[in-house]
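Take a look at the structure below.
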Amino acid sequence: KRVVLNRHDGELRTSAYWTHIMSGIQEERIPLKGPLSVTDFHTVVDSITPHDLQMTLECLGVEDNELYTCIGQTVLPEGSETTEESLSRVPVIGMRRGGALTG
């Protein structure tokens, strides 16, 4: 609980986190998400019991026979051709040695 609450308190300083927690607050398809889910976060986390976590895991279906794996394969449509010259070789930002923080 302490880790979740500390992470929440730290993330409250970012706009992205506020956007994330406020998303869906007015959606009718998410009936239990309202302003109290933001303002009473500490109360909700403090009230979670080990039994609540066990019930959540049972609902998620994490047994070996309930897990699925999907392997996708990209194929070219019939009749299309790709040549070496047509491929773009643009470097991706942050994919150099040292990462995105180096000039």
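Side chains included, hydrogens not; waters and symmetry mates left out as well; all remaining heavy atoms used. Sequence positions, counted from 1, serve as the residue numbers for this chain.
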Quick one: name the residues clustered hydrophobically with M55, using the 4.5 Å side-chain heavy-atom rule over I, L, V, M, F, W, Y, and just say none if it's on its own.
none
Would you mind listing the cluster partners of I48? Hydrophobic ones only (ILVMFWY), side-chain contacts under 4.5 Å, chaining allowed.
L53
Side-chain atoms of residues 25-35: list all donor-acceptor pairs with protein atoms under 3.5 Å, sequence neighbours left out, distances to 0.1 Å.
| from | atom 1 | to | atom 2 | distance (Å) |
| --- | --- | --- | --- | --- |
| E27 | OE1 | R29 | NE | 3.2 |
| E27 | OE1 | R29 | NH2 | 3.0 |
| K33 | NZ | I21 | O | 3.1 |
| K33 | NZ | S23 | O | 2.7 |

Please check if any side-chain donor atom of D52 sits under 3.5 Å from a side-chain acceptor atom of T49, or the reverse.
yes
For a side-chain contact (heavy atoms from CB on, under 4.5 Å) check, start with the C-alpha distance between D46 and L5, then their side-chain angles and the critical distance, and finish with the verdict.
CA-CA 9 Å; D46 285 334; L5 292 175; 3.7 Å; yes
What are the two closest non-hydrogen atoms of M22 and V38, and how far apart are they?
SD-CG2, 3.9 Å
Between L12 and W18 the two heavy atoms that sit nearest each other are O-NE1, 2.7 Å
More than 12 foreign heavy atoms under 6.0 Å from NE2 of H8: is that the case here?
yes
